[in-house]
Amino acid sequence: MTKQIGFIGLGIMGKPMSLNLLKAGYNVTVNDINTQSVEALVEAGAQAGTLVEMGKLCDVIITMLPTSQHVKQVVLGENGILKTATKGTVIIDMSSISPVASVEIADEAAKQGVEMLDAPVSGGEPKAIDGTLAIMVGGKESVFESVKDVLHAVGSDVTLVGQNGSGVTAKLANQIIVNLNIAAMSEALVLAAKAGIDVEKMYQAIRGGLAGSAVLDAKVPLILDRNFVAGGRIDINLKDITNVMETAHEIGVPLPLSSQLLEIFHALKVDGKAGDDHGGIVQYYEKLANVEVRKA
């Protein structure tokens, strides 16, 4: 029997993920405050529904939302999922939220016999569209096995990291590596641009060596085209790095580079760049050096 899936949050990532679930043959009920996104999914074959309806009807309910507070609201709120969710329902939170909040929500769900996995993703909008996201999961192995088919409909690399909270912790580590990589790359690009060399040729020269990375290949061509349309927004990554620092300080881990990165994100937000892609970190360095990285 086909699983009934609820999907809450049809943003940059959630919308294409929902479409991939439809393509995989699942019955999908969707919910978002953006009515246009809901209408687009309904046209593609989904149903629109409230959180209370999803709790009653769906075997698996996926949340893909901006912050911990949003996830708490849709799961634990007055008209949230847990109002009607029955024993055995599985909530998969694919948002990037704090481990503390994630475990708290899982514990509340467990009181009703509702299972929860934290399953944040990496790969940005392109991989959400083609269904090849990397998914890092926290929760019970038996629950993970029961919904692995759903996760594989939206991702290609799906890994159970450990118990509840492990997936979102892995995502925090992922965000440190990705965003510091972009920052380091930005410093190098701005240096090359100010020195007057052809940045595109420099990129071709170094991408096959040890400096090469998925981040380099994903972001340099966009920067050279001055394309900062968001695949991963600066304000969302600011939220992630804020979660990184709070979690790190709580458990006694100093993160000097990440703390500097957080200030860079705050500077970009003040400069009106909050809605740009995180490849737009380069604009912080460009302003300092009074130079622009672009094609020759």
Side-chain angles (χ1 to χ4, degrees), residues 12-13 65-72 93-104 118 120-124 134 136 138 161-162 164-194 210-216 218-220 222-223 228 230-291 293:
I12 289 171
M13 302 292 286
L65 297 161
T67 68
S68 302
Q69 203 49 48
H70 291 108
V71 181
K72 280 186 178 180
D93 177 38
M94 305 191 82
S95 323
S96 298
I97 66 174
S98 85
V100 172
S102 189
V103 171
E104 184 187 324
D118 46 287
V121 305
S122 181
M136 45 223 91
V161 181
N164 285 106
S166 300
V168 281
T169 303
K171 178 62 191 269
L172 294 183
N174 177 85
Q175 295 304 77
I176 293 172
I177 294 166
V178 169
N179 286 296
L180 282 176
N181 201 335
I182 294 173
M185 176 191 82
S186 296
E187 288 196 6
L189 294 176
V190 166
L191 173 71
K194 191 82 183 216
L210 203 55
S213 69
V215 165
L216 197 75
K219 300 301 180 186
V220 172
L222 295 175
I223 290 168
F228 300 118
R233 287 170 60 109
I234 279 170
D235 54 4
I236 296 294
N237 283 279
L238 186 157
K239 176 262 299 180
D240 288 344
I241 300 303
T242 300
N243 283 339
V244 163
M245 295 311 303
E246 285 175 1
T247 304
H249 290 160
E250 211 170 278
I251 61 176
V253 179
L255 297 175
L257 293 178
S258 295
S259 65
Q260 184 63 39
L261 177 65
L262 183 58
E263 292 306 309
I264 290 171
F265 275 136
H266 277 293
L268 287 162
K269 184 181 176 183
V270 171
D271 201 25
K273 313 285 192 209
D276 284 4
D277 185 76
H278 55 163
I281 287 172
V282 73
Q283 295 168 106
Y284 170 84
Y285 291 99
E286 288 175 335
K287 203 167 186 180
L288 291 180
N290 193 28
V291 71
V293 177

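What you are looking at is a predicted structure, and each value in this text was computed from that prediction instead of being measured. Throughout, residue positions are numbered sequentially from 1 according to the sequence presented.
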What pairs meet the salt bridge (Lys or Arg N to Asp or Glu O under 4.0 Å) rule with one or both residues in residues 264-280, with sequence neighbours excluded?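 Salt bridge (Lys or Arg N to Asp or Glu O under 4.0 Å) check on residues 264-280 returns Lys219-Asp277, Asp271-Lys287.
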Salt bridge (Lys or Arg N to Asp or Glu O under 4.0 Å) pairs, two or more places apart, involving residues 236-249: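 Listed by first then second residue: nothing to list.
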With sequence neighbours excluded, tell me which residues meet side-chain contact (heavy atoms from CB on, under 4.5 Å) with [X].
X	result
Ala173	none
Ala188	none
Thr169	Pro99
Ala193	Val199, Val291, Val293

Grab the two heavy atoms, one from [X] and one from [Y], that are nearest each other, plus how far apart they are.
X	Y	answer
Gly279	Ile182	CA-CG2, 4.1 Å
Val168	Ser102	CG2-CB, 3.9 Å
Leu216	Ser213	N-OG, 2.9 Å
Asp118	Gly165	OD1-N, 2.8 Å
Pro66	Ile236	CB-CD1, 4.2 Å
Gln175	Ile241	O-CD1, 3.9 Å

Could you tell me which residues satisfy side-chain hydrogen bond (donor to acceptor under 3.5 Å, both in side chains) with [X], sequence neighbours excluded, listed by chain and number?
X	result
Ser122	Asn174
Asp93	Thr63, Ser95
Glu104	Lys72
Ser98	none

Can you list, pair by pair, the side-chain donor-acceptor contacts under 3.5 Å of residues 248-265, counting residues two or more places apart and other chains?
unit_1	atom_1	unit_2	atom_2	d
His249	ND1	Met245	O	3.4
Ser259	OG	Leu255	O	3.4
Ser259	OG	Pro256	O	2.7

Thr67 vs Ile97, side-chain contact (heavy atoms from CB on, under 4.5 Å): CA-CA, chis, key distance, verdict: CA-CA 6 Å; Thr67 68; Ile97 66 174; 5.7 Å; no
Close side-chain approach of His266 and Val270, heavy atoms under 4.5 Å: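 No; the side chains remain at least 4.5 Å from each other.
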CG of Leu288 to NZ of Lys194: how many Å apart, nearest 0.5 Å?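 Reported to 0.5 Å precision, the distance equals 10.5 Å.
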Going by the side-chain hydrogen bond (donor to acceptor under 3.5 Å, both in side chains) test, which pairs reach into residues 176-191, not counting sequence neighbours?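 Those involving residues 176-191 are Asn179-Asn237, Asn179-His278, Glu187-Tyr285.
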